[in-house]
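Taking it in order: structure first as structure tokens, then the write-up.
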Amino acid sequence: MTTIKLHNTKTRKREDFVPIDSDNVRMYVCGPTVYDRAHLGNARPVIVFDVLYRLLRHVYGPDHVTYVRNFTDVDDKINARAAESGRSIGEITAETTQWFLDDMAAVGALEPDHMPRATAYIPQMIEMIEGLIAKGHAYAAEGHVLFAVESYKEYGALSGRSIDDMIAGARVEVAPYKRNPMDFVLWKPSDGDTPGWDSPWGRGRPGWHIECSAMSYELLGAHFDIHGGGNDLMFPHHENEIAQSCCAHPGAGFANYWLHNEMLQVEGKKMSKSLGNFFTVRDLLDHGVPGEVIRYVMLSTHYRKPMDWTEKKADEAKRKLKSWYDLVKGVEASKASRIIIDNLAEDLNTAFTLRQLDQLAGDIVHNDKFDGQFEAGVPNAPQMARSSSELRSEFKASLQLLGLIGDEVPSWSEETAFDLSRFQRSLEAARSVAMQTKDFSGVDQIKNMLIGAGVQVQMSKEGVEVIAGPNFDPTKLEALE
RNA sequence: GGCGAGUUGGCGGAGUGGUUACGCAGCGGAUUGCAAAUCCGUGUACAGGAGUUCGAUUCUCCUACUCGCCUCCA
């Protein structure tokens with residue numbers, strides 16, 4: 001069996017992944033707060049952990065992996081959005097949740113086995129909070145319930161901070177009811193305009209971190225294998241999750257492996273609303289960047305390195321994917337290549353995996369030249385180790401494992417339906433005349449106009465081929481008529 | 001201020017204690033009326049300094065620089 005190696009943030013080392021129960025490998029990834037379209041940065045953890053999910057399923061079997069990714073549908077950002085738009089909270093979260101699912105499906109992400117919504121787990125959160133109070137890890141004050149960070153001596157271990165360090169440069173909300181400035185909210189009171197639930201501390205709503213602790217416990221238990229998310233969540237979110245979960249279920253262990261993806265940048269700069277280089281996955285899709293291209297670009301950088309989104313990368317990815325898809329049209333997938341699995345098992349080395357795929361593609365092209373010739377008795381033909389069709393099936397399965405293709409080649413990669421045949425005929429006619437007269441000026445004129453319209457013109461001894469290129473513009477051809 | 005990641009050829013981006021992935025671009029060639037496409041060939045790069053070592057781009061330390069998180073945001 002393949003040994004997967006993962007970089008564990010908890011130990012800051014690359015470790016062999018050993019599941020608690022190989023019949024049920026359990027992974028929790030922090031999902032979105034549903035108040036708006038997912039931006040490109042949101043897609044990175046989704047794609048990264050989707051690759052891990054696919055790899056785990058491949059290694060342990062599809063029925064032996066449980067992947068949970070939540071929707072946080074109670075949050076002050078949502079409340080603010082509702083207030084400013086006049087729409088109901090339920091309407092906003094339902095719409096945004098569906099957007100997220102649609103957009104993530106477009107970038108090839110499988111749906112997790114469970115996608116719990118925070119509002120469906122309020123009783124479990126209240127129960128957990130009550131338990132924390134009972135054990136002396138939390139206290140109620142002025143309608144709030146706060147987690148007492150000093151009650152948990154491991155607090156800060158994941159992100160490598162001490163409570164004292166953090167207080168020094170603290171940007172924490174100072175509140176008179178906090179025993180320690182780092183104490184964070186488990187429950188807070190709601191007024192008449194904010195959503196709230198009845199609780200032992202009055203009508204209120206949960207703080208940001210408790211939902212993940214409650215839902216992971218409910219769906220995966222007190223001890224599970226992998227917990228993932230963006231590295232911006234490391235502190236405070238994951239730190240607080242650990243504090244809550246480990247104090248609520250002492251000795252259980254919570255998550256064994258913590259994985260964090262690095263942040264995304266755009267053209268070398270941080271993507272942020274204030275810098276104006278902020279865009280959503282939907283923006284890209286609507287501007288003709290296919291989901292597979294987004295995915296390819298994401299996978300071309302290792303997940304623990306900052307990834308720079310550039311248009312150039314997207315263009316290159318598109319070209320590369322097109323050439324790959326050409327090789328697997330109508331091909332039935334077999335088993336993914338060993339070398340692809342092995343590279344993914346090395347802490348998800350997707351960048352190297354893409355290079356290996358390209359190698360496979362090259363092998364297929366090379367193989368095609370001699371395929372079957374030896375068997376057919378062609379003189380001097382080399383015997384190929386494997387047939388081209390075998391290689392293609394393996395290649396397709398490898399692409400599928402990475403989520404870069406489904407059953408069919410994506411339609412965007414097919415050529416334009418625009419009929420170019422009459423241009424081809426006139427070019428052919430002009431060329432055959434020119435071959436006699438040796439005056440190619442007329443041929444070149446037609447050719448250049450076609451090229452100007454984004455058409456790829458290929459002339460050889462066998463004939464003339466015209467193919468719509470990536471920047472094909474039919475309107476420019478009309479001037480030719 | 002605290003925490004963390006990184007610095008590899010024109011660009012992107014792997015990897016390794018000793019034999020210089022790979023992609024794109026470029027260059028040379030084959031091919032072509034010319035091109036395109038394709039194919040063949042071609043690149044001695046690892047921030048700076050010190051140390052460990054027979055030998056370091058790869059390990060250790062220091063310096064410089066870049067980036068991110070601790071705020072909206074993953």
Side-chain angles (χ1 to χ4, degrees), chain A residues 7 9 12 29-33 35-36 38-49 72 76-77 80 156 158-173 182 228-239 260-265 268-275 278 296-297 299-308 310 312-313 315-317 319-320 323 343 346 349-359 361-362 365-366 368-369 431-432 434-441 443-444 447-448 450-451 455-462 464-467 469:
Chain A
H7 182 91
T9 311
R12 296 172 206 282
V29 174
C30 292
T33 299
Y35 69 103
D36 206 348
H39 65 251
L40 190 60
N42 296 123
R44 192 172 189 196
V46 172
I47 292 171
V48 164
F49 291 104
T72 298
D76 287 349
K77 288 193 288 286
L158 179 72
S159 54
R161 304 151 196 248
S162 70
I163 293 173
D164 290 344
D165 284 346
M166 286 186 281
I167 290 171
R171 299 186 196 181
V172 290
E173 190 191 346
M182 295 307 296
N231 77 348
D232 58 332
L233 292 179
M234 205 157 97
F235 185 88
H237 183 59
H238 290 160
E239 204 72 74
H260 291 96
N261 62 276
E262 251 291 350
M263 297 291 99
L264 177 118
Q265 293 167 249
K269 291 228 169 67
K270 176 190 173 171
M271 179 166 89
S272 70
K273 284 169 185 167
S274 46
L275 284 177
F278 182 95
Y296 181 104
V297 173
L299 298 184
S300 69
T301 299
H302 187 88
Y303 75 93
R304 284 193 300 106
K305 283 194 172 182
M307 123 118 227
D308 193 16
T310 64
K312 190 177 168 222
K313 283 185 182 176
D315 289 345
E316 280 180 22
R319 223 171 36 238
K320 186 60 74 185
S323 74
N343 276 299
E346 288 296 324
N349 193 347
T350 52
F352 194 56
T353 303
L354 292 180
R355 297 287 71 79
Q356 295 295 340
L357 280 172
D358 206 40
Q359 193 82 45
V365 171
H366 184 253
D368 279 352
K369 282 198 284 196
R431 184 164 178 255
S432 60
M435 293 293 238
Q436 305 298 319
T437 64
K438 301 294 173 197
D439 174 12
F440 289 93
S441 58
V443 181
D444 285 343
K447 189 180 81 179
N448 289 334
L450 285 168
I451 290 170
V455 178
Q456 288 176 13
V457 180
Q458 302 181 11
M459 289 187 262
S460 66
K461 277 180 191 160
E462 289 76 42
V464 173
E465 255 193 290
V466 290
I467 299 164

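Values in this document were obtained by computation on a predicted structure and should not be read as measured data. In what follows, chains carry the letters A, B, and so on, assigned in the order in which the sequence lines appear, proteins first and then strands, with residues in each chain numbered from 1.
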[N] and [M]: how far apart are their [atom1] atoms, nearest whole angstrom?
N: B:C27; M: B:U66; atom1: C1'; answer: 32 Å
N: B:G51; M: B:A14; atom1: P; answer: 31 Å
N: B:U71; M: B:C3; atom1: C1'; answer: 16 Å
N: B:G23; M: B:U8; atom1: C1'; answer: 15 Å
N: B:G49; M: B:U57; atom1: C1'; answer: 15 Å
N: B:A36; M: B:G26; atom1: P; answer: 10 Å
N: B:A64; M: B:A45; atom1: P; answer: 27 Å
N: B:U44; M: B:C67; atom1: P; answer: 31 Å

Rounded distance (Å) that lies between atom [atom2] of [N] and atom [atom1] of [X]:
X: A:Tyr296; N: B:G23; atom1: OH; atom2: P; answer: 11 Å
X: A:Leu450; N: B:A37; atom1: CG; atom2: C1'; answer: 16 Å
X: A:Asn349; N: B:C22; atom1: CG; atom2: C1'; answer: 12 Å
X: A:Leu264; N: B:C69; atom1: CG; atom2: P; answer: 11 Å
X: A:Arg304; N: B:A74; atom1: CZ; atom2: C1'; answer: 17 Å

Remember a base hit wins even if backbone is also touched, and classify [X] as base, sugar-phosphate or nothing at under 4.0 Å, heavy atoms.
X: A:Lys438; value: nothing
X: A:Gly160; value: sugar-phosphate
X: A:Val443; value: base
X: A:Glu465; value: nothing
X: A:His39; value: base

Counting side-chain heavy atoms from CB outward, which of [options] is closest to [X]?
X: A:Lys313; options: B:A74, B:A14, B:G12; value: B:G12
X: A:Glu316; options: B:C24, B:G13, B:A74; value: B:C24
X: A:Pro306; options: B:A5, B:C22, B:A74; value: B:A5
X: A:Phe352; options: B:A14, B:A36, B:C24; value: B:A14
X: A:Arg319; options: B:G15, B:G4, B:C24; value: B:C24
X: A:Met263; options: B:A14, B:A74, B:A5; value: B:A74
X: A:Asn42; options: B:C24, B:A74, B:C69; value: B:A74
X: A:Met271; options: B:G23, B:A74, B:G33; value: B:A74
X: A:Asn231; options: B:A74, B:A21, B:G68; value: B:G68
X: A:Arg12; options: B:G4, B:A14, B:A74; value: B:G4

Report yes or no: is there a donor-acceptor pair, N or O only, under 3.5 Å between the side chain of A:Asp308 and the base of B:G12?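 Answer no: no donor N or O sits under 3.5 Å from an acceptor.
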Using a cut-off of strictly less than 4.0 Å, decide whether [X] has a side-chain nitrogen or oxygen near OP1 or OP2 of [N].
X: A:Lys270; N: B:C69; result: yes
X: A:Thr301; N: B:G13; result: yes
X: A:Lys305; N: B:A14; result: yes
X: A:Asn343; N: B:G15; result: no

Are B:G33 and A:Phe440 stacked, with the base six-membered ring and the side-chain ring centres under 5.5 Å apart and planes under 30°? yes
Need the pair for B:A50. Rule: Watson-Crick or G-U wobble, both distances under 3.5 Å, any strand; none if unpaired. B:U60
Under a 3.5 Å limit for both distances, which nucleotide forms a Watson-Crick or G-U wobble pair with B:C65, could you say? B:G6
Polar side-chain atom of A:Gln356 near backbone of A:Asn343 as donor-acceptor pair, under 3.5 Å: no
Looking at A:Met307, is its backbone amide N or carbonyl O close enough to the side chain of A:Glu262 to form a donor-acceptor pair, meaning the two atoms are under 3.5 Å apart?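 Checked: no pair found.
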